[in-house]
Each structure stands twice: as structure tokens, then as C-alpha cells.
2 protein chains.
Amino acid sequence: MFSRIDHIGVAVAELDQALALYRDTYQLNVAHREIVHEQGVEAVLLDIGEGHVELLAPLGADTPVGKFLAKKGPGLHHVAYQVTDIEGTLATLAATGVELIDTAPRTGIRNSRVAFLHPRSSGGVLTEIVQPAGEAH
Amino acid sequence: MFSRIDHIGVAVAELDQALALYRDTYQLNVAHREIVHEQGVEAVLLDIGEGHVELLAPLGADTPVGKFLAKKGPGLHHVAYQVTDIEGTLATLAATGVELIDTAPRTGIRNSRVAFLHPRSSGGVLTEIVQPAGEAH
């Protein structure tokens, strides 16, 4: 069902400070930077192995990541698992009783197709599934 | 410096309930189960891609994961990055001003050698570095 950890999402207050840590200190390569209006974030992807670290800076206080930061401070925000058939995976998960935030995929970073599971039914972990652009669907 | 996401650590109240989600619903293969007294947890590793999900159930309320659960509830606990030279990596990180919880490696699950960075200097993310058993050091 899940082929790999696609990325971990990290909530940060400010991207430049986070890049000083992840790019300069940890020496990870920056693969992509994008403002994802639909999710209210500016995001940076850094390569690591077969996956990425995704840094997420909120576009405003009244966004999901802005609210997360206000409540919990910077830190681990979500994990994303890669799938090859996002509609099929969502149907399978729903059939086993997993509560979905997104019952249909929406567009994520780099034109991926993404959906979030509700932490209520994923053990308190905000869990994303992602089908990269160009994968069969 | 970091070759891959070795695992994400997930704090859970109870392993059987978590396995119902990760093993049965998400269909991940259980690779290993171990009581790690030094860390006060019973841990389960599930295979995913080149890495793992590590479920962590506390051995008691007065353990780091027990305290985490009491304060924050179940959810994402840490991320672990794989390295091939843990002493060298710790020295490099310390030289760039990263605050270490463990200045020397200790024994982790499956006889890996592990060390934690302090969330204060890792952007609020409890960050582990891990050198698997059998890797050169």
C-alpha cells in the first residue's frame, strides 16, 4: 500500500533559519521551493535518500501550519507515505474505517496528488499519502 | 552526512492497537520487536522502503516516551537519519554549534549505535542519528 516514506513535514517559523540548519549544517541538497497557496505554506524540499524533508513555513497565522506553530511551536508536523494509486488507497483505507480529511486527492507540491488522513484515526499522527506527478493513476 | 531517513519514531500508548493500524490497515511488514530498557520502551520496527516506522510504547509513566504521551498524547516523536560514521558526524555537528543530548553514541535497537540531538538546536524536532550494526565505524 505504502512504498516508502515520501517525506517528513517540518513546521518552521522562518525558512531561512531552517535552511541554515537543514541545508548548511545537515548538508542536505535543496531540491525544490514553492509557495503552495492551497495549503497556505511556502515549502522547501531537501533530498535525503529516496525521500525528502519538507520544510513548511506558514503564509499567515490563520493557516493550518500557522495555527500549528502557535499551538505547538516548530517541529514535526506530518509524515507522508508514497503510493502509486491514490484513489485506490483512499478507498481501501476508508473501507477499513480510517477517517479521511480528504476523500479525494488534491494538488500538492510539484503537482503531486495528495490526501490527508485524520489524526483521530491514525494514532495522533497527521498522515499524508502522496502520488508523485507522472505516476500512473 | 545523512544518507537516508532511517525511521520515524511514533509514540503509542499500546502496541497492539498501533499494530492494528500499521501492520493490519497500512499493511506494513513487522521486521523486529524489542524491549530497549536503556530507552524505557518496547519498540516495533515495520519495513517501509529503505527505512522503517518505529512504534514506541513506554515501559512506564516515568520514561521519556511515557512523559511525552502524558504531555502531548500519541503521535510523531522523533526522526532518525542514518549515518555511516556516527562519531565523525557528532564531531561535525558539535563543531557547527548543534547541541547534543548524547555526546557519544549509545546502543539502540538491533544493536545500532545512536545519538540524539537536542530539539533546542534542531528546530524543535527531536532528531536521532543512527549507525546500523555492522556498518563501518
[X]-[Y] co-clustered via ILVMFWY side chain contacts under 4.5 Å:
X         : Y         : result
Val36(A)  : Leu56(A)  : yes
Val130(A) : Ile109(A) : no
Val30(B)  : Leu55(B)  : yes
Leu19(A)  : Ile48(A)  : yes
Phe68(A)  : Val41(A)  : no

So what's closer than 4.5 Å to chain B heavy atoms on [X]: side chain, backbone, both or neither?
X         : result
Val10(A)  : side chain
Leu117(A) : side chain
Leu21(A)  : side chain

Option from Leu76(A), Val53(A), Ile8(A) for which side chain to side chain contact (heavy atoms under 4.5 Å, CB included) with Val125(B) holds
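Exactly one option meets the side chain to side chain contact (heavy atoms under 4.5 Å, CB included) with Val125(B), and it is Leu76(A).
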Interface of chain B and chain A, donor-acceptor atom pairs under 3.5 Å:
unit_1, atom_1, unit_2, atom_2, d
Ser3(B), O, Gly49(A), N, 3.3
Gly49(B), N, Ser3(A), O, 3.4
Glu50(B), N, Glu50(A), OE2, 2.9
Glu50(B), OE2, Glu50(A), N, 2.9

Pairs where residues 89-98 of chain B contributes a residue and the test salt bridge (Lys or Arg N to Asp or Glu O under 4.0 Å) is met, not counting sequence neighbours
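Applying salt bridge (Lys or Arg N to Asp or Glu O under 4.0 Å) to every pair that reaches into residues 89-98 of chain B, excluding sequence neighbours, yields nothing.
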